[in-house]
Amino acid sequence: MKQKIKNLILKAALNAHEKGDLPSSKFPDVEVEAPKIEAHGDFSTNIAMVMASVQKMQPKRIAEAIIKNIDNQEGIIAKTEIAGPGFINFFINSVSWHPVLRRIHEEDDRYGASGIGKGMKIQVEFVSSNPTGPLHVGHGRGAAFGDAAANILLFCGYNVEKEYYINDSGRQINTLGRSVLFRYRQLLGKDIEFPDDCYQGDYIRDLARQIKEDKGSALLDQREDETVLYCAQFAAKQIIAGIRDDLKSFGVEFDNWFSEQSLYDSGKVDKVLNDFRKQNIIYEKDGAHWFKTKEFGDEKDRVVIRNNGQTTYFASDIAYHKDKFDRGFERVIDIWGADHHGYIPRIKASIEAAGYSKERFDVILVQLVNLLRGGEPVAMSTRAGEFITLADVISEVGSDAAKFIFLTRHHESPLDFDLELAKKKTNENPVFYVQYVHARISSIIRKGRERGIENTGWDEKAIAMLKEPEEINLIKSLGSYPETVRLSAEFMEPHRITFYLMNLASSFHAYYNKHRVLTDDPLLTCARLYLVVAVKKVIRNGLTLLGVSAPEKM
RNA sequence: GCGCCUGUAGCUCAGAUGGAUAGAGCAACGGACUUCUAAUCCGUAGGUCGCAGGUUCGAAUCCUGCCAGGCGUACCA
């Protein structure tokens, strides 16, 4: 509809110029928007104001010239007016909204989809939590965000791959192995102190117990470096399996799990470091090897090989990001916790140095989550091993509520997650508010069937009966869904869909309370059923993008 | 110190490439269930958009400075 108005305006401007009403043929991009205030019409354009200086005319004169030349043969426009400093407001004939409903029924679960991505191969990497402990709430936000963003991109015609990067190499893995080994020794009666720098959580004890059941006391007699390695590999494998399970129960699945260790095994880390040496952008100082990231805009150079000969995490990350582009992704998006923001310049440096444009790479920072219970902060200490895991949250509030709440904020805004609030089944908790619409409409359909009323198709005569303000309002809202999805993809902002759904839900509940769908008039009932089924489809489509279920009953 | 993010109603937050009178929910107050699910709806009230300048027809939005909070600033990941 907006596009139609745009075209009408453009054509009107051209006509006006041909007839001599407008001196210049230079027209700016036509901007059409839906005004916030109802009295300002359904659509509004500022074109007359924008053109004023080029046309050397008063905005109001320009507006008059355009309105005069609008071709309203289809009768879409009920009224136009010039308002304020020169806005042209368009009031749409309410009947003209109706075809939106047919489109929704026809396109069904593809309504809102588009081809703006043009099949571009794009990778979204998210969560990528270290396999040294279970996922916590912050990872949950990253998971909900990344998954929704990927769904939206896919829906908009991108060729999306979701990837999880497993840091199964390096120091933290060694620490994991040591942690488990110490607990294992304690289990076998050794009186030893558990080191401070090891992971404290109870899950380490559980892993040690499993090894004990497996191997008995056999590990006590072996060389320490071998047992640490064994414990590390065993533990990491178990923890990754746990992470996969948690994500699965959260409704998030990945297309690819990428191992950091594999970059070493395949020699990709060595290779990229050698390439950089040849380019003379790696040098030695104080026994360490430094990558000249400063030359690429970082604030200082960064170590890639420590003076003890071990590579840093950054070294494998260089190889990893190069590999992403080598695999043919045209765009690469990393979703990180906001506390890693200082890491961005060096990754961009490495991408440039590897010969790819950093413009093709984006990092989206997701702000931290404050966990609350009844308004009070929940103490979270990783050190002491006291934290609420994502699995805890899912089992307490459910994945639908958790996901939806994670997606009710812009990703750059910190989020207070209140466990008590997330469980409340009231308007304070928006997920139920939206899901309730789906359940209510399902119920209407069931009730209709009981009375022998089936959802019939498009019937011009019936649809023409939809003229209550609440009905037109609902249809308008339905009509703006595709644009919401498009903007959501363009700006990587899934929360736009969340807010859209809450708004649509509000329009529906208001309608539901004021009007009955199943009436004594068969034609009207048919029309209203057609309308609410369209609402149901859009609610379902939106929730699906967010990874949230749309229940038939609540 | 430097860098990134945030600052909008009592609380939690939206606010499109700069648009007209800044919007929701919660909390407060007053109403609506013999009728399709009251997990709902309707109404009232609530604001110096952190502060100060600047850019222009027009700023919550862009620019500069300041204030407050969070995060980062490793040969950790």
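Below, chain A is the first sequence line, B the second, and so on; all start at residue 1.
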Atom-pair distance (CD on A:Gln435; P on B:U40), nearest Å: 12 Å

Greater than 12 external heavy atoms within 6.0 Å of A:Arg449's CZ: no

Nearest-angstrom distance from the residue atom CG of A:Leu524 to P of B:C36: 17 Å

Rounded distance [0.5 Å steps], CG in A:Asp298 versus CD1 in A:Ile344: 11.0 Å

Carboxylate-amine/guanidinium proximity below 4.0 Å for A:Asp323 and A:Lys268: yes

Sugar-phosphate, base or nothing in reach of A:His515, heavy atoms under 4.0 Å: base

Structure string for RNA chain B in dot-bracket form, Watson-Crick and G-U at under 3.5 Å, | interchain: (((((((..((((.....[...)))).(((((.......))))).....(((((..]....))))))))))))....

Test side-chain contact (heavy atoms from CB on, under 4.5 Å) applied to A:Ser169 - qualifying residues, sequence neighbours left out: A:Glu260, A:Gln261, A:Tyr264

Same-atom distance (C1') from B:A20 to B:G30, integer angstrom: 33 Å

Closest nucleotide among B:A38, B:C36, B:C4 to the A:Leu518 side chain: B:C36

Which residues share a ring-ring contact (aromatic ring centres under 6.0 Å, His included) with A:His321, sequence neighbours left out: A:Phe361

B:C41, syn or anti by chi within 90 degrees of zero: anti

Distance-only polar pair, side chains of A:Glu493 and A:His411, donor-acceptor under 3.5 Å: no

For A:Phe87, ring-ring contact (aromatic ring centres under 6.0 Å, His included) partners two or more places apart: none

Closest-nucleotide ordering on RNA chain B, the 5'-leading residue of A:Ala505 and A:Tyr436: A:Tyr436

Between B:C67 and B:G31 - C1' atom distance, rounded Å: 45 Å

Test: A:Glu396 and A:Lys423 ion pair at under 4.0 Å: yes

A:Lys514 NZ: over 12 foreign heavy atoms closer than 6.0 Å: no

Parallel, tilted or perpendicular: rings of A:Tyr320 and A:Tyr165 (30°, 60°): parallel

B:U44 to B:U6 separation - C1' atoms, rounded to the nearest Å: 33 Å

Listed nucleotide nearest any side-chain atom of A:His495, set B:A39, B:C36, B:G15: B:G15

Sugar-phosphate only, base, or nothing, as touched by A:Lys553 at under 4.0 Å among non-hydrogen atoms: base

Listed partners of A:Tyr512 passing side-chain contact (heavy atoms from CB on, under 4.5 Å), at least two apart: A:Arg440, A:Ile444, A:Phe508

Rounded distance in Å - OH (A:Tyr433) to P (B:A14): 18 Å

Ion pair check, A:Glu552 and A:Arg540, cut-off under 4.0 Å: no

Name the pairs: protein N/O against N/O of nucleotides 49-51 of chain B, kept only if under 3.5 Å.
none

P spacing across the pair B:G47 / B:C4, given as an integer number of angstrom: 35 Å

Taking only nitrogen or oxygen atoms into account, show me every contact under 3.5 Å that the protein makes with nucleotides 18-22 of chain B, one pair per line with its distance.
{"residue": "B:G19", "atom": "N7", "partner": "A:Asn46", "partner atom": "ND2", "Å": "3.2"}
{"residue": "B:A20", "atom": "N6", "partner": "A:Ser44", "partner atom": "OG", "Å": "2.5"}
{"residue": "B:A20", "atom": "N6", "partner": "A:Asn89", "partner atom": "OD1", "Å": "2.7"}
{"residue": "B:A20", "atom": "N1", "partner": "A:Asn89", "partner atom": "OD1", "Å": "3.2"}
{"residue": "B:A20", "atom": "N1", "partner": "A:Asn89", "partner atom": "ND2", "Å": "3.1"}

Same-atom distance (P) from B:G3 to B:C66, integer angstrom: 10 Å

Protein-nucleotide distance (A:Phe508, atom CZ; B:A39, atom C1'), rounded to Å: 13 Å

A:His40: ring-ring contact (aromatic ring centres under 6.0 Å, His included) partners, not counting sequence neighbours: none

Spacing of A:Arg440 atom CZ relative to B:C33 atom C1', expressed in whole Å: 11 Å

Closest nucleotide among B:U6, B:C36, B:C41 to the A:Ala510 side chain: B:C41

Span that lies between the C1' atom of B:G54 and that of B:A14, in whole angstrom: 28 Å

Flag for A:Asn167-A:Gln172: side-chain donor and acceptor within less than 3.5 Å: no

Distance-only donor-acceptor hits, side chain of residues 520-528 of chain A, under 3.5 Å, sequence neighbours excluded:
{"residue": "A:Asp521", "atom": "OD1", "partner": "A:Leu523", "partner atom": "N", "Å": "3.0"}
{"residue": "A:Asp521", "atom": "OD1", "partner": "A:Leu524", "partner atom": "N", "Å": "3.3"}
{"residue": "A:Thr525", "atom": "OG1", "partner": "A:Thr519", "partner atom": "N", "Å": "3.0"}
{"residue": "A:Thr525", "atom": "OG1", "partner": "A:Thr519", "partner atom": "O", "Å": "3.1"}
{"residue": "A:Thr525", "atom": "OG1", "partner": "A:Thr519", "partner atom": "OG1", "Å": "2.8"}
{"residue": "A:Thr525", "atom": "OG1", "partner": "A:Asp521", "partner atom": "O", "Å": "2.8"}
{"residue": "A:Arg528", "atom": "NE", "partner": "A:Glu471", "partner atom": "OE2", "Å": "2.8"}
{"residue": "A:Arg528", "atom": "NE", "partner": "A:Tyr511", "partner atom": "OH", "Å": "3.3"}
{"residue": "A:Arg528", "atom": "NH1", "partner": "A:Arg516", "partner atom": "O", "Å": "2.7"}
{"residue": "A:Arg528", "atom": "NH2", "partner": "A:Glu471", "partner atom": "OE2", "Å": "3.4"}

Separation of atom CZ in A:Phe404 from atom C1' in B:A39, rounded to whole Å: 14 Å

B:A22 and B:U48, which share atom name P, separated by this distance in whole Å: 13 Å

Between B:A27 and B:U12 - P atom distance, rounded Å: 15 Å

Partner set under side-chain hydrogen bond (donor to acceptor under 3.5 Å, both in side chains) for A:His495, not counting sequence neighbours: none

Close side-chain approach of A:Lys324 and A:Phe258, heavy atoms under 4.5 Å: no

Atom pairs, protein N/O to nucleotides 7-13 of chain B N/O, distance under 3.5 Å:
{"residue": "B:U12", "atom": "O2'", "partner": "A:Arg409", "partner atom": "NH2", "Å": "2.5"}
{"residue": "B:C13", "atom": "OP1", "partner": "A:Pro414", "partner atom": "O", "Å": "3.4"}
{"residue": "B:C13", "atom": "O5'", "partner": "A:Arg409", "partner atom": "NE", "Å": "3.0"}
{"residue": "B:C13", "atom": "O5'", "partner": "A:Arg409", "partner atom": "NH2", "Å": "3.4"}

Contact state string [nucleotides 70-77 of chain B, B base, S sugar-phosphate only, - no protein heavy atom under 4.0 Å]: SBSSSBSB

Pairwise distance CZ(A:Phe90) to CD1(A:Ile92) - rounded to 0.5 angstrom: 8.0 Å

A:Tyr512 OH to B:U35 C1', straight-line distance once rounded to whole Å: 10 Å

Protein-nucleotide distance (A:Leu407, atom CG; B:A14, atom P), rounded to Å: 12 Å

